[in-house]
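Numbering of residues begins at 1 and proceeds along the displayed sequence.
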Amino acid sequence: MDRTRPLTLLLAGALAAGGLLALTPAAAVAADSEVARNGGFEAGLDGWTCTAGSGAVVSSPVHGGTKALQATPAGSDNAKCSQTVTVKPNSSYELSGWVRGSYVYLGASGTGTTDVSTWTASAPAWQRLSTRFTTGASTTSVTIYTHGWYGTPAYQADDLSLFGPGGDPVQLPAAPTGLAAGSPTSTTVPLTWTAVSGATSYHVYRGTTKVQTVTGTSATVTGLTASTPYTFQVTAANSAGESPKSAAVTATTTSGGGGNPGLPAHALVGYLHASFANGSGYTRMADVPDSWDVINLAFGEPTSVTSGDIRFSLCPATECPNVESVADFKAAIKAKQAAGKKVLISIGGQNGQVQLSTTAARDTFVSSVSKIIDEYGLDGLDIDFEGHSLSLQTGDTDFRNPTSPVIVNLIQAVKTLKAKYGAGFVLTMAPETFFVQLGYQYYGSGPWGGQDPRAGAYLPVIHALRDDLTLLHVQDYNSGSIMGLDNQYHSMGGADFHIAMTDMLLTGFPVAGNSERFFPALRPEQVAIGLPASTQAGNGHTSPAEVNKALDCLTKKTNCGSYQTHGTWPALRGLMTWSINWDRYNQWQFSQNFDAYNWS
């Protein structure tokens, strides 16, 4: 107590003598303090937002306390974690923090003057980064962040601090207005709303359940049931909390007519080498066992890459001495259909490059494919475009609104065929993992160019045709390692690969790490797993025991191994294989294992 008395007396004397002016409110300066919230991550990610789900809180390694941030770059996402804080105009701040890893950045944006950042190329042990900035004359908030670099391993950050004058209290944002629903699909509803001043994020509610958090003014709600009405509301949020809910909007999902035109609950799909010979030998249509529910005739091929003119004929007798006559082939197709089987023409394959780069090629594709379907009395179409058939032009970055002619024309052509043949038209697709699941990391040539423009190129086709699509059976073979939703790489040949790749299709994923461009999940009855029938049929052969493990995990949540799926899907449609011919060569091991599998 006594230690304060001399200062009190001094001030009193000075004021009484008139030698000093009294301090006015304008002269008072806010004390410097810690402005960042939860900089030590002891409260998890509270206050922080990480791109594409890249961030997590770990208990080791830590710099201080018991928790730290760990974030993992993936594809075109650099694992940026950020927080928006309130500040005072015309004020100085020090930003600092401790980091570990390669190429770790710490910075501040929206300062109103010069945005700042600092970084380290290599920090095998904890290293302190720091920088300073001054806010602009009207700046009341800044965003502080940390991030890694593309293609590098996970980094850690801890004890992040922004020290300086605290800003005015953040005001709770108003409820969003203008909430509207776009055109639903059988499983998704797109939503848009008007931006709210002061909001840093928005929460989307389906009924009373919060289903998404986004930073922009749009979202697509996924995982919905066909022909079902849903009610949605949105709230705005910032560090002060969450606004009241917006006015509600109701939308009804479509019927999803492409789901099941006469297929059994669990189906086996196989390709029949009808137009060529190889080491597996020729198999007549009449000799295909009843195990096969969908038979894809391989292949219809174009007269040239860009013509769109698709032709199909039976294997020449010089190559396939036991080939049946065209009349017998057609009669066998009718017999299969009478037994409840579906027979499709598969377009493409390894050697059948198809690029519908013009509307003329599109129209020729429709007419020539129709001619094949009509001549042989087929049930539909399988799209097996491989190689360089599909690629994305520079600047075509949103799978929901493609602009590349080869993509747009293919979508239009298939929609025309579907409209021509009606609800019973069977549409299947057999893309490679490069064109689908790789889209989780890379999409087209990327935001800065230089990537393979074919990466993820099937995604806009699948998305646009999802209500017409009967089956998607991605080729889980002849594939490099692919990153799953656990941000780990998975390789061919075992149950793990099929579990991780299929989980991506049934859960959905942000394309190229962009959470606002989310590829919605497919319905489980639209998905089958594609595998080679024997070791000779393709790289990535999976033993029957491992196939069964994958089915157990996906449909029953048993035998899952280390990968944790995001759901359980007993309605998973089944399996596809290359090929019926190779299965026959291998004493029907693949199909007999499928027939024996217990789905219950």
Would you mind reporting whether [Y] and [X] have side-chain heavy atoms less than 4.5 Å apart?
| X | Y | result |
| --- | --- | --- |
| L417 | Q412 | no |
| L469 | I462 | yes |
| V221 | T188 | no |
| V249 | F232 | yes |
| S122 | Q127 | no |
| T555 | W569 | no |
| P532 | F590 | no |
| L69 | C81 | yes |

Can you see which heavy atom on [X] is nearest to which on [Y], and at what distance?
| X | Y | result |
| --- | --- | --- |
| G300 | I345 | N-CD1, 3.8 Å |
| A68 | P61 | CB-O, 3.5 Å |
| D384 | A430 | OD1-O, 3.2 Å |
| T470 | V426 | OG1-CA, 3.6 Å |
| S227 | T252 | C-CG2, 4.2 Å |
| A219 | Q212 | CB-OE1, 3.8 Å |

Between [X] and [Y], a side-chain donor and acceptor under 3.5 Å:
| X | Y | answer |
| --- | --- | --- |
| K557 | T565 | yes |
| E301 | Q353 | no |
| T397 | R517 | yes |
| S346 | N296 | no |
| S357 | Q355 | no |
| N38 | Q83 | no |
| E432 | Q475 | no |
| D396 | Y443 | no |
| T192 | S218 | no |

What verdict does the side-chain contact (heavy atoms from CB on, under 4.5 Å) test give for V204 and L191, after you've listed the backbone C-alpha separation in whole Å, the side-chain angles of each residue and the deciding distance to 0.1 Å?
CA-CA 9 Å; V204 180; L191 301 171; 3.8 Å; yes
Go through it in stages, so that I can follow the logic: the residues are L505 and L472, the test is side-chain contact (heavy atoms from CB on, under 4.5 Å), and I'd like the CA-CA distance, side-chain angles, deciding distance and then a yes or no.
CA-CA 9 Å; L505 302 176; L472 176 72; 4.0 Å; yes
Measuring from [X]:[atom1] to [Y]:[atom2], what's the distance to the nearest 0.5 Å?
| X | Y | atom1 | atom2 | answer |
| --- | --- | --- | --- | --- |
| N478 | T433 | CG | OG1 | 9.0 Å |
| D293 | L471 | CG | CG | 10.0 Å |
| D467 | L427 | CG | CG | 11.5 Å |
| T51 | N514 | OG1 | CG | 9.5 Å |
| L485 | M501 | CG | CE | 8.0 Å |
| I144 | L106 | CD1 | CG | 7.5 Å |

Looking at the rings of [X] and [Y], which for Trp means the six-membered one, are their centres under 6.0 Å apart?
| X | Y | result |
| --- | --- | --- |
| F299 | W578 | yes |
| W193 | Y202 | yes |
| Y105 | H147 | yes |
| W149 | Y155 | no |

Donor-acceptor check, side chain of [X] to backbone of [Y], threshold 3.5 angstrom: yes or no?
| X | Y | answer |
| --- | --- | --- |
| W126 | V62 | yes |
| D115 | G110 | yes |
| S479 | D476 | no |
| Q451 | G444 | yes |
| D583 | S579 | no |
| H473 | V269 | no |
| T577 | A533 | yes |
| R400 | A464 | no |

Audit row: Y489, Q441, side chain to side chain donor-acceptor pair (under 3.5 Å) steps and yes/no
CA-CA 11 Å; Y489 284 96; Q441 289 183 274; 2.9 Å; yes
Could you tell me whether Y103 atom OH has more than 12 heavy atoms of other residues or ligands within 6.0 Å of it?
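No, the 6.0 Å shell around OH holds no more than 12 heavy atoms from other groups.
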What pairs with [X] under side-chain contact (heavy atoms from CB on, under 4.5 Å), at least two apart in sequence or on another chain?
| X | answer |
| --- | --- |
| A550 | A495, H498, I499 |
| A361 | L356, T358 |
| T84 | S141, T143, T200 |

Salt bridge or not for K415 and D468, using N-O below 4.0 Å?
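Counted as a salt bridge, because a side-chain N and a carboxylate O are separated by less than 4.0 Å.
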Report the residues that fulfil side chain to side chain donor-acceptor pair (under 3.5 Å) with Y458, sequence neighbours left out, ordered by chain and then residue number.
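Partners of Y458 under the side chain to side chain donor-acceptor pair (under 3.5 Å) test: none.
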Which residue pairs pass the disulfide (SG to SG under 2.5 Å) test when at least one of the two sits in residues 449-496, sequence neighbours left out?
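For residues 449-496: none.
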side-chain contact (heavy atoms from CB on, under 4.5 Å) between H203 and E242: does it pass, once the steps are laid out?
CA-CA 8 Å; H203 302 310; E242 186 177 2; 3.4 Å; yes
Tell me every residue that passes ring pair (Phe, Tyr, Trp, His ring centres under 6.0 Å) with F399, counting only those two or more places apart in sequence or in another chain.
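F399: ring pair (Phe, Tyr, Trp, His ring centres under 6.0 Å) contacts with H463, F519.
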Checking side-chain hydrogen bond (donor to acceptor under 3.5 Å, both in side chains) between Y563 and each of D496, D486, D503, which is the one that passes?
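Testing each of D496, D486, D503 against Y563, the sole residue satisfying side-chain hydrogen bond (donor to acceptor under 3.5 Å, both in side chains) is D503.
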Go through the steps for V547 and L575 under the test side-chain contact (heavy atoms from CB on, under 4.5 Å), then give the verdict.
CA-CA 9 Å; V547 172; L575 302 180; 3.8 Å; yes
Whether K418 engages the ring of F425 as a cation-pi pair (distance to the six-membered ring centre under 6.0 angstrom, angle to the ring normal within 45°) should be assessed.
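The answer is no; the distance or angle limit is not met.
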